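Heavy atoms only: backbone and side chains are in, while hydrogens, waters and symmetry mates are out. First the proteins, then the strands, lettered A, B, ... as listed; each starts at 1. Not measured: the values here are computed from a predicted model.
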Amino acid sequence: MENVIPPHYNPKETEGDIYRMWEESGFFDPDKLPQKNGKPFSIILPPPNVTGTLHMGHALMLTIEDIMIRFERMRGKKTLWLPGTDHAAIATQSKVESIIYKEEKKTRHDLGREEFLKRVEAFAQRSHDTIVEQMKKMGASVDWSREAYTLDEKRNLAVRTAFKRMYDAGLIYKGKRIVNWDPKLQTTVSDDEVEWIEEKTPFYYLKYGPFTIATARPETKFGDKYVVLHPDDPRYKKYSHGEKLDVEWINGKVTATVIKDPVIDMEFGTGAMTITPWHDMTDFDIAKRHTLDFEQIIDENGKLLPIAGEFTGVHIKKARPLIVGKLKEKDLVEKIDEAYAHRIATNSRGGGVIEPQIKEQWFVAVEKEFEMENSKIEGIRTGDTVTLKKLMRHVVESKQIKIIPEHFEKIYYHWIDNLRDWCISRQIWYGHRIPVWYCTANEKIKVRNEKCDEPIVSIEDVTECPHCSGGVLQDPDTLDTWFSSGLWTFSTLGWPEETNDLKTYHPTDVLETGYDILFFWVARMILMSTYLLGEVPFRTVYLHGLIRDAEKKKMSKSKGNIVDPLDLGEKYGTDALRFGLIFGTAPGTDIPLSEDKIRGMKHFANKLWNIARFVLTNIDSIDFEKTYKDLSAKTDADKNIIKKLNAAVLETSNNLERYNIHEAAQSIYSFVWHEFADNYIEASKPQLANPELSENTKEILGVTLATIIKLLHPFVPFRRIDIHPRGIHISHIPASNPVASFLSSRRPQARAENAPGSYVCRRNGICHCRDFRRILLPRR
RNA sequence: GGGCGCAUAGCUCAGUGGUAGAGCGUUGCAUUCACAUUGCAAAGGUCGUAGGUUCGAUACCUACUGCGCCCACCA
């Protein structure tokens, strides 16, 4: 037989063609799979942000999910992996804002809402196209026909429906709360998006009547008329709660009221502090607790308001030295500690220093009790009184959602227990506009109804006030990006419509993502799904670790240590990249990315190539109907390899079934290299020369090769064997590509021999045939 | 301050109640024989310390030491 196999595996020659062949086969779409009646298995892809390109974390995510999906598809399940992308509201907006500013020196306000959104959408589209290409390069077997976008029409309907249902149930409300305000980007920022930066600031000890108070921010102190003390502090025993004193302050005399509250740390500073409830979280809480007055000192642009007297209109940054100067003049400064280490809140989305403000915002009430409708959750019946927090905790506690690795369950509970109402409004333009309208009719219109003061919450666009037919204005704010991604497991399946997909694939089986978004996203999906559908969004949460650089540092643009997954894929082949990413890495543990390891896995890819090369040049055909169970041993080497092959199949399948991906990879790796190649192939050489053993040895070689290719398929899918009358091709598709056309004919019962060009193996692209299932364990 | 985790080969990491594993690195051998884009082999570990449970502990429990992460946000 003519040997046309080159000695080195060249992934570039084949990967693109193989992906195209998969797409043509249609098997990524579960409706087109031969096993129409298989049990469903579904994963919804965590949608990458349309902020540019994929990074290593995405490559890892795609690899793990593709392994799970291909494994289940091979086992005969009706397998859906649904892809999509995320508009990532604030991240995308600030990215585009900074590009526009860099190139044209214009802000979004210079362009106006409409023009700016056009620019963002164009950018998002470009990012999307890049991401899709990159996903294909990674070999992701997602069903492109069901692709979704968090901001497309269907998802918009889902968002509005969810908002209205929660509003009507009293779980969404508008309220005044202190929020993280970013004066630079002119928006609120969620607690999770705040980044704390260590800084040394002077720490001022100021005389406040008989007290000395310590502060790092004298510029906020104008309105301070409450001095807070610990009730047990012996130094301040003679002052009682509620006592009023006149004190000399920045702009003259103020009447100070003594408040006793145990939140005060007696050890810190002087044990006495004055509060600024409008601009400080802790102060806000204290003021609420004692029903004190709130007064705004700083405006939305970071400038002082008239309460600051002569400093009115001065930006707080400039105001500090001026105010300190005045305090010194008045002899109110006792001392200044220059070496005080302080943490400053900043907006991690490329914004400025956070200045807390009290603002009207939309919130989701997580502790408000309501009656559960339509519950499919075990342990919670329809009509039970619950809270969103309780639902979120319950489904994990009762193991209806299992988190891998398990210890993240504890972290999840801790987070839930400390959870406060979720602020869902954002003062940015890119995203889902809040589906609320306000009546703009003024007093001149006689028909104005009392109800006109109520916000109009609607799924459809509102053009006039339903009460007075006056004009309306939509709330200018947009929703937190996690509001729409919270709906992701079911909005992608067609909700609120009762689609077949929703019935078939929800709850989904696995949600696989990085542990860094357990709170941002995973928890919010659990909230949304349990409330809106009365069921869990997924049964298993698989959390992968974060990819770090060789020095174990987080990859970030500012550090310049980003490694592009596609570069590595290009250099070593996608299979090597995929195997390297998952080999020896446990879930939930960070992975220092070493190029050496990927290179090592390329050796494995090449080893595999040469194993196939040896086997295929020594045999004439492979009977793909046979499995390892049909093999018989004539020598000790035969006996050993059959036993080990058997064990490798079991171990790999068992481990994959339990989502022990790295262990499954280890089993198959060590079998392929250290049993099959090192031992059996060596032993087979004399056996092949012996006429009595030759035929049986060929059969063992062929079946073992076919089995390992199948076992490896979920991990390294870019391999196929074609046996052609004129030679044997591994990982090579002739230009005419009859295999692809055979696959697309979707005749699983058709015998291999009937295939065009007498291709013996037709199944290495998408493994769907009976024998693939037979080599793997049936589901428990 | 609250919570979670880690400590295993020179490096980076898997793993297990009963002979300790991988990648890279190191050393030696091998080039018409499937594999130089390499292969084969070797060296290298009292599995952080001290107690406990157990017939048996690197693994389970406790304490300690040293690291790391998350949350809270101290005026």
Subject >> Check ion pair Arg217(A)-Asp280(A) (N to O, under 4.0 angstrom) >> reply: no
Subject >> First of Asp678(A) and Asp596(A) reached from the 5' end of RNA chain B, by closest nucleotide >> reply: Asp596(A)
Original post:
So what does Tyr413(A) touch, heavy atoms closer than 4.0 Å: a base, only the sugar-phosphate, or nothing?
Top reply: nothing
Original post:
Base, sugar-phosphate, or nothing: which does Thr276(A) touch, judged by heavy atoms less than 4.0 Å apart?
Top reply: nothing
**OP:** Specify the separation, in whole Å, of atom NZ of Lys553(A) and atom P of U12(B).
**Re:** 13 Å
**OP:** For Lys410(A), report the nucleic acid contact type (base, sugar-phosphate, nothing); a contact means any heavy atom under 4.0 Å.
**Re:** sugar-phosphate
Original post:
Does Trp609(A) make a side-chain N or O approach to OP1 or OP2 of U38(B) shorter than 4.0 Å?
Top reply: no
Original post:
Contact class for Thr215(A) (heavy atom, under 4.0 Å): base, sugar-phosphate, or nothing?
Top reply: sugar-phosphate
**OP:** Could you tell me whether Arg599(A) and Asp596(A) have a side-chain N and a carboxylate O separated by less than 4.0 Å?
**Re:** yes
Original post:
Considering only the C1' atoms, how many Å lie between C33(B) and U16(B), rounded to the nearest integer?
Top reply: 40 Å
Original post:
Between Tyr236(A) and Phe211(A), is the ring centre distance below 6.0 Å?
Top reply: yes
**OP:** Select base, sugar-phosphate, or nothing to describe what Lys554(A) touches, counting heavy atoms under 4.0 Å on all strands.
**Re:** sugar-phosphate
Subject >> Minimum-distance nucleotide (side-chain atoms of His414(A) versus A75(B), G3(B), G39(B)) >> reply: G3(B)
Subject >> Distance, C1' atom - from U65(B) to G48(B), rounded to whole angstrom >> reply: 8 Å
Original post:
Arg548(A) side chain N/O closer than 4.0 Å to the phosphate oxygens (OP1, OP2) of C13(B)?
Top reply: no
Subject >> Selection from U12(B), A75(B), G25(B) that lies nearest to any side-chain heavy atom of Arg599(A) >> reply: G25(B)
Subject >> Closest to side chain of Tyr669(A), choosing from C73(B), A75(B), G23(B) >> reply: G23(B)
Original post:
Counting side-chain heavy atoms from CB outward, which of A75(B), C71(B), A34(B) is closest to Met273(A)?
Top reply: A75(B)
Original post:
Between Asp590(A) and Lys554(A), is there a side-chain N and carboxylate O pair less than 4.0 Å apart?
Top reply: no
Original post:
Roughly how many Å is it from CG in Asn180(A) to P in C71(B), rounded to a whole number?
Top reply: 13 Å
Original post:
Which is it for Glu512(A) and His544(A) under the side-chain hydrogen bond (donor to acceptor under 3.5 Å, both in side chains) test, yes or no, and what are the steps along the way?
Top reply: CA-CA 7 Å; Glu512(A) 192 281 334; His544(A) 63 245; 2.4 Å; yes
Original post:
Base, sugar-phosphate, or nothing: which does Asp590(A) touch, judged by heavy atoms less than 4.0 Å apart?
Top reply: nothing
Original post:
What is the nucleic acid contact for Glu682(A), judged by heavy atoms within less than 4.0 Å: base, sugar-phosphate only, or nothing?
Top reply: base
Original post:
At under 4.0 Å between heavy atoms, what does Ala586(A) touch on the DNA or RNA strands: base, sugar-phosphate, or nothing?
Top reply: sugar-phosphate
Original post:
In terms of side-chain geometry, is the basic nitrogen of Arg658(A) or Glu663(A) positioned less than 4.0 Å from the acidic oxygen of its partner?
Top reply: no
**OP:** Figure out the CH2/C1' separation between Trp673(A) and G39(B), and round it to whole Å.
**Re:** 8 Å
Original post:
Counting any heavy atom closer than 4.0 Å, what does Gly271(A) reach on the DNA or RNA strands: base, sugar-phosphate only, or nothing?
Top reply: base
Original post:
What distance, rounded to whole Å, do you find between the two P atoms, one in G3(B) and one in A63(B)?
Top reply: 13 Å
**OP:** In whole angstrom, give me the gap between the P atoms of U49(B) and A7(B).
**Re:** 13 Å
Subject >> Euclidean distance for P, A57(B) against G52(B) (whole angstrom) >> reply: 11 Å
Original post:
So, is His603(A) near the phosphate of G23(B), with a side-chain N or O under 4.0 Å from OP1 or OP2?
Top reply: no
**OP:** Could you walk me through whether Glu595(A) and Tyr572(A) pass the side-chain hydrogen bond (donor to acceptor under 3.5 Å, both in side chains) test, one step at a time?
**Re:** CA-CA 10 Å; Glu595(A) 195 169 327; Tyr572(A) 302 110; 2.8 Å; yes
**OP:** Using the C1' atom on both, measure G45(B) against U26(B) and round to a whole Å.
**Re:** 16 Å
Original post:
Does a salt bridge link Lys207(A) with Glu334(A), judged by any charged N lying under 4.0 Å from a carboxylate O?
Top reply: no
**OP:** Name the nucleic acid region contacted by Ala216(A), choosing base, sugar-phosphate or nothing; use a 4.0 angstrom heavy-atom cut-off, strictly under.
**Re:** sugar-phosphate
**OP:** Check the distance between C13(B)'s P and Leu60(A)'s CG and give it to me in whole angstrom.
**Re:** 15 Å
Original post:
What nucleotide, of G15(B), C35(B), A75(B), holds the atom closest to the side chain of Lys607(A)?
Top reply: C35(B)
**OP:** Select from Phe408(A) and Phe520(A) the residue whose nearest nucleotide in RNA chain B is closer to the 5' end of that strand.
**Re:** Phe408(A)
Original post:
Would you call Glu409(A) and Lys399(A) a salt bridge, using N to O less than 4.0 angstrom?
Top reply: yes
Subject >> Touch class at under 4.0 angstrom, heavy-atom based, for Ile681(A) against every strand present >> reply: base
Subject >> Span that lies between the P atom of G1(B) and that of A14(B), in whole angstrom >> reply: 30 Å
Original post:
Where does RNA chain B form stems of at least three consecutive Watson-Crick or G-U wobble pairs, each pair having both distances below 3.5 Å?
Top reply: B:1-7 with B:65-71, B:10-13 with B:21-24, B:26-30 with B:38-42, B:48-52 with B:60-64
Original post:
Under 4.0 angstrom, heavy atoms only, what part of the nucleic acid is Tyr515(A) near: base, sugar-phosphate, or nothing?
Top reply: nothing
Original post:
Rounded to whole angstroms, how far apart are CD on Glu651(A) and C1' on U16(B)?
Top reply: 13 Å
**OP:** Give a yes/no on whether any side-chain N or O of Tyr205(A) is located under 4.0 angstrom from OP1 or OP2 of A75(B).
**Re:** no
Original post:
For Gln687(A) and C33(B), what is the distance between atoms CD and P respectively, to the nearest whole Å?
Top reply: 21 Å
Original post:
Any side-chain N or O of Thr274(A) less than 4.0 Å from the OP1 or OP2 oxygen of A75(B)?
Top reply: no
Subject >> d(CD1, Ile416(A); C1', C70(B)) in whole Å >> reply: 15 Å
Subject >> Heavy-atom pair of closest approach, residues Met56(A) and Leu577(A) >> reply: CE-CD1, 4.3 Å
**OP:** Measure from CZ on Phe671(A) to C1' on A22(B) and round the result to the nearest Å.
**Re:** 18 Å
**OP:** Would you indicate what Asn418(A) reaches in the nucleic acid, counting non-hydrogen atoms under 4.0 angstrom: base, sugar-phosphate, or nothing?
**Re:** nothing
Original post:
Base, sugar-phosphate, or nothing: which does Ile611(A) touch, judged by heavy atoms less than 4.0 Å apart?
Top reply: base
Original post:
Are Lys685(A) and A34(B) close enough that a side-chain N or O sits under 4.0 Å from OP1 or OP2?
Top reply: yes
Subject >> Distance, C1' atom - from A72(B) to U58(B), rounded to whole angstrom >> reply: 36 Å
**OP:** Kindly assign one of parallel, tilted or perpendicular to the pair Phe203(A) and Tyr205(A), based on the angle between their ring planes and the thresholds 30° and 60°.
**Re:** perpendicular
